[in-house]
Amino acid sequence: MAATSPSLSQHSQSSLTDSPPVPKLTSIKALAAELSGLTSIPSGYDFQTIPNIANDEAFSEADHESIPTIDFSLLTSSNSEERSKVIQDLSKACQDWGFFMVTNHGVPESMMKEMIEACRAFFELPDEEKQEFEGKHVLDPIRCANLYPPCPQPELAMGLPPHSDHGLVTLLIQNEIGGLQVKHQGKWINVNPIPNSFLANIGDHIEILSNGKYKSVLHRAVVNNKDTRISIAMPHGPAPDAVVSPASELVDSVSNPPAYKAIKYKEYVELLQSNKLDGKSALERIRLYDIK
Ligand SMILES: O=C(O)CCC(=O)C(=O)O
Ligand SMILES: [Fe+2]
């Protein structure tokens, strides 16, 4: 798994897709200053004009549909029944949701808060200083910090457009402001941050390795008109030259043939970049047949 070193990227309430043209703003500070006097967003930031995001699918706020929670401490419980139950829950979460909250993980709450505050302080730095930390390539080991300032017309904007993560597993910490939504059974479900928890999600390469059993699920970040949201995503991927394919133990040529072509991780990322961030296009390209 890739280690992490700091490299921070900043998202705004604009969509990160490449069209239509947006006003040139170099930093979140510039953007926030620009927005403070505005009651509506500049037209180029209106995500409803972007074909991939327009005509949005159903959105659900139903309380009963929420991301599963895994109590990490139970994974090492001395009680084997408890252990086997949480392992089953974890497997089910990876199959049904591709996302789960992790509680009782042992990372001190104070450390998680400090990371969020360090991230907030980072975004206050002058642009020249921030640029020193920028990753040069998507495969540079990164810790990706996201800042979503308040937006005057949140219903028209998108903090981060729908995508799946390309690595193995991503761990995310966030401040207390919600905004992340996960696609589940055709609907966008709000993730309500549980204090002091990590959010884990399966990336494309676990979907490949598990032959489609564990799902790499679309997610996106929406914005609001009151509070600044901060999140730090820590992606973990295979080595760049590792060739990833469905695990031989999980396939058989008759009843469960491989559903994905083998591909080198770095070639996959290049494929992904050539297709832009519009959903699961790279995964679709190497899928050999439809899986449910
Ligand atoms: O800000 C968030 O909650 C989502 C971040 C994310 O999905 C990513 O960085 O890949
Ligand atoms: Fe993501």
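These numbers come from the heavy atoms of this one structure, side chains and all, not from hydrogens, waters or symmetry mates. Just so you know, ligand 1 is whichever comes first in the structure, and atom 1 is the first atom listed for that ligand. Index from 1, following the sequence.
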- Note on the structure: Note: NE2(H163)-the Fe ion (ligand 2)-OD1(D165) angle, rounded to 10 degrees, equals 90°
- Out of M234, Q181, H219, R229, indicate the one that has the non-hydrogen atom closest to atom 3 (O) of ligand 1. R229
- Which one holds for Q174 and ligand 1: side chain close, backbone close, both close, or neither close, with close meaning a heavy atom under 4.0 Å? neither
- Message: Is it the case that the side chain of K130 and the backbone of L125 share a donor-acceptor pair, with hydrogens and angles ignored and the cut-off at 3.5 Å?
- Response: yes
- Task: Please work out whether the ring planes of H205 and Y268 are parallel, tilted or perpendicular, with thresholds of 30° and 60°.
- Result: perpendicular
- Item | Atoms in ligand 1 flagged as close to L180, the criterion being non-hydrogen separation under 4.0 Å | 3 (O), 4 (C)
- Message: Need the ligand 1 atom indices (1-based, order shown) with element for anything under 4.0 Å from a heavy-atom of N146.
- Response: 1 (O), 5 (C), 9 (O)
- Message: So if I count the atoms of ligand 1 from 1 in the order they appear, which ones are less than 4.0 Å from some heavy atom of A233?
- Response: 9 (O)
- Task: Check whether any side-chain heavy atom of E207 lies under 4.5 Å from a side-chain heavy atom of R287, and answer yes or no.
- Result: yes
- Report yes if some heavy atom in the side chain of L180 is under 4.5 Å from a heavy atom in the side chain of L172; otherwise report no. yes
- Of all N/O/S atoms in H219, which lies nearest to the Fe ion (ligand 2)? NE2
- Item | Shortest non-hydrogen separation from N211 to Y289 and the atoms involved | ND2-OH, 4.3 Å
- Location of contacts on T170 toward ligand 1, heavy atoms closer than 4.0 Å: neither
- Which distance, rounded to the nearest 0.5 Å, do you find between the OH of Y214 and the CD of Q95? 6.0 Å
